[in-house]
Amino acid sequence: MEMSDPKKVDFKREAKWLVMVGVSRAHVHLTREHMEILFGQGSELTVLRDLGQAGQFAAKETVNVVGPKGVLQKVRIIGPTRSETQVELSRTETYPLGIDAPLRDSGDLKGTPGAVLIGPKGVVVLDHGCIIAKAHVHMLSKTAKRLDLSESDKVSILLKGEKIVSYHDVTVRLVDDGITEFHIDTDEANAAFADTGDMAMIIHKEIIIRDDCGNVLEIDTDNIKFVEGKEPNGYYTQEGIKLMGSVFEYPESVQGEIREKLLNPQAIAPNKFYLLTAQENEKVFGIACFYWMPNVRMGYLEHLGITPEYKARGIGGFLFHRVRTFLEKKHPEIEGILLEVRKNMEHLDDRKPFFLDLGAIPVDTDFYSAKKTKGGEEFSLMFKPETSNARLDSSTMEAAWQTLNDIL
């Protein structure tokens with residue numbers, strides 16, 4: 001009987017890996033020269049919001065993009081400055097502008113049409129630079145190594161939301177910092193009923209997934225969906241609330257408070273209460289409950305949890321990012337999110353290192369001492385800024401504390 005040489009065994013097989021969706025709206029990358037023409041000598045881009053890719057940010061500055069037929073106003077600048085100016089549009093946006101932009105990889109600008117950019121201090125006439133960016137996935141190098149993927153490899157990505165849409169020949173771009181994120185434009189997102197923070201699957205027969213010891217793993221996962229619970233009698237909302245007691249060991253009183261806030265939103269007005277459940281194949285395995293506090297332009301994350309079998313897969317971080325993008329879409333004026341870290345009789349819960357990894361910072365507990373919940377548990381706060389303007393000064397914190405006393 002002939003034995004197979006184990007060194008020649010092909011372990012490659014079709015596998016799936018979850019990735020977060022990022023929807024790119026029309027935006028412009030500028031050179032330093034064009035930046036100074038449009039915004040003045042010595043001008044600098046000012047950070048509005050950091051993006052998922054390390055070092056990149058949405059700037060406060062915008063320009064008007066003018067084509068042969070029309071104008072697209074207040075198009076966001078993405079920083080920092082680049083070696084070449086580039087205008088990224090969706091196909092729908094090219095029609096009213098009259099710009100026949102081709103589908104290209106970012107940076108592939110040879111032979112592309114131009115446009116006129118109008119800023120507060122000047123005008124730039126581009127003879128080229130307008131493209132419709134191809135869908136691509138920014139992947140952390142350590143993740144790519146785990147999946148045996150390299151720079152410029154092609155993968156397929158599947159979105160299974162309200163519509164099932166598959167993207168093929170999606171280019172992998174390696175990054176050392178930031179998050180792994182699948183970038184599509186607004187046309188592609190609308191066609192798939194998708195939004196920033198949704199989940200997709202990388203599916204590729206050449207992926208090899210290994211554990212820390214180098215052993216090949218089988219990963220079989222379906223799309224993770226995050227569903228807003230708008231009233232307590234919905235199936236997913238009920239299942240999420242059940243998790244509060246059965247898995248996360250919250251008392252029935254907490255579950256009752258969640259139901260009451262969904263039934264009676266005017267009781268905490270003008271503040272708003274939201275609930276998201278995480279699900280896979282109709283099974284609810286996670287929940288997030290959070291508030292919007294308009295007086296301080298902040299969110300407040302009260303509860304976030306996933307069941308044990310879904311931990312160590314990065315899904316808790318996906319759920320947190322979904323909360324962020326949900327609040328940014330509903331309340332674009334948001335400046336930050338306050339995060340609750342509870343302390344029981346035994347220990348400070350594991351949310352603190354989790355939030356630290358996601359970029360949150362502890363609020364000074366020497367100045368703002370821990371508070372107590374109605375159940376007697378102490379809790380302190382952490383803060384995740386969402387804009388460069390976010391400030392936790394004493395007046396803002398006092399207003400936030402007062403609001404929390406009213407709504408919790």
Side-chain angles (χ1 to χ4, degrees), residues 11-24 52-53 133-175 178-211 215-228 236 276-286 288 306-307 309-326:
F11 287 107
K12 297 184 179 182
R13 67 204 76 185
E14 181 173 276
K16 306 171 187 176
W17 192 262
L18 290 170
V19 63
M20 190 166 67
V21 175
V23 180
S24 296
Q53 306 316 306
K134 288 183 179 180
H136 54 277
V137 57
H138 292 281
M139 183 174 291
L140 284 170
S141 297
K142 61 182 180 181
T143 301
K145 183 178 181 180
R146 240 189 129 183
L147 305 183
D148 202 29
L149 289 170
S150 303
E151 176 72 22
S152 300
D153 278 354
K154 304 291 186 181
V155 296
S156 294
I157 295 186
L158 182 67
L159 268 166
K160 287 176 65 179
E162 293 185 57
K163 292 175 67 177
I164 298 176
V165 179
S166 185
Y167 302 82
H168 300 288
D169 294 325
V170 176
T171 302
V172 174
R173 296 182 185 169
L174 298 187
V175 293
I179 60 177
T180 295
E181 194 171 37
F182 173 46
H183 280 190
I184 54 178
D185 66 25
T186 50
D187 281 355
E188 293 164 321
N190 290 337
F193 284 64
D195 207 343
T196 294
D198 284 344
M199 302 304 304
M201 286 188 296
I202 301 175
I203 304 177
H204 188 49
K205 66 181 179 180
E206 298 300 319
I207 287 179
I208 302 175
I209 302 174
R210 301 181 185 274
D211 63 18
N215 301 310
V216 176
L217 302 178
E218 288 282 3
I219 299 293
D220 185 18
T221 184
D222 206 344
N223 264 58
I224 303 297
K225 292 190 288 186
F226 303 116
V227 179
E228 180 185 0
Y236 299 120
L276 290 179
T277 57
Q279 64 184 71
E280 180 182 35
N281 286 333
E282 308 303 314
K283 175 187 177 182
V284 174
F285 66 86
I306 60 174
T307 56
E309 66 267 29
Y310 281 84
K311 291 185 177 180
R313 293 167 60 183
I315 297 171
F318 287 139
L319 179 53
F320 174 76
H321 285 298
R322 191 68 184 93
V323 170
R324 291 180 56 213
T325 57
F326 181 95

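FYI, side chains are in, hydrogens and waters are out, and symmetry mates aren't considered; it's all heavy atoms of this structure.
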Item to complete: Could you point out which residue of Val19, Ile202, Val175 forms a side-chain contact (heavy atoms from CB on, under 4.5 Å) with Met139?
Response: Ile202
Worksheet item: Thr196 side chain to Val23 main-chain N or O, any donor-acceptor pair under 3.5 Å?
Response: yes
Discussion item. Measuring only between side-chain heavy atoms, which start at C-beta, is Thr325 closer than 4.5 Å to Asp195?
Written reply: no
Worksheet item: Ala200 and Leu159: which non-hydrogen atoms are nearest, and at how many Å?
Response: CB-CD2, 3.8 Å
Response to the item:
Smallest heavy-atom separation, Lys163 atom then Ala191 atom, equals NZ-O, 3.0 Å
Discussion item. So does His138 get a backbone contact from the side chain of Glu181, meaning a donor-acceptor N/O pair under 3.5 Å?
Written reply: no
Practice prompt. Answer yes or no: is there a donor N or O on one side and an acceptor on the other, between the side chain of Asn190 and the main chain of Asp187, under 3.5 Å?
Written response: no
Fill in: Any donor-acceptor pair under 3.5 Å from Thr277 side chain to Val284 backbone
no
Practice prompt. Mind checking the CE-CD1 spacing from Met199 to Ile315? Nearest 0.5 Å is all I need.
Written response: 7.0 Å
Discussion item. To the nearest 0.5 Å, what is the distance between CE on Met201 and CG on Leu18?
Written reply: 7.5 Å
Practice prompt. Using modelled atom types only, decide if a donor and an acceptor are shared between the side chain of Lys154 and the backbone of His168 within a distance under 3.5 Å.
Written response: no
Worksheet item: Roughly how far, to the nearest 0.5 Å, is the CD atom of Glu309 from the OG1 atom of Thr307?
Response: 3.5 Å
Practice prompt. For residues Phe193 and Asp198, report the shortest heavy-atom separation together with the two atoms involved.
Written response: O-OD2, 4.3 Å
Practice prompt. Could you tell me which non-hydrogen atom of Gly316 sits nearest to which non-hydrogen atom of Ile306, and how far apart they are?
Written response: N-CD1, 3.8 Å
Response to the item:
Distance col, row Arg322:CZ vs Ile224:CD1, nearest 0.5 angstrom, shows 13.5 Å
Worksheet entry | Polar side-chain atom of His136 near backbone of Lys134 as donor-acceptor pair, under 3.5 Å | yes
Worksheet, complete the sentence: Value for CZ (Phe182) from CG (Leu158), rounded to nearest 0.5 Å, stands at 10.0 Å
Fill in: Contacts of Asp185 that satisfy salt bridge (Lys or Arg N to Asp or Glu O under 4.0 Å) - sequence neighbours left out
none
Worksheet, complete the sentence: When rounded to the nearest 0.5 Å, the distance separating NZ of Lys225 from CG of Asn281 is 8.5 Å
Fill in: Phe226/Phe326 aromatic ring centres below 6.0 Å
no
Fill in: Residue pair Ile184 / Ala135: nearest heavy atoms and the distance that separates them
CG2-CB, 4.0 Å
Discussion item. Below 30° counts as parallel, above 60° as perpendicular, anything between as tilted: where do the rings of Tyr310 and Phe285 land?
Written reply: parallel
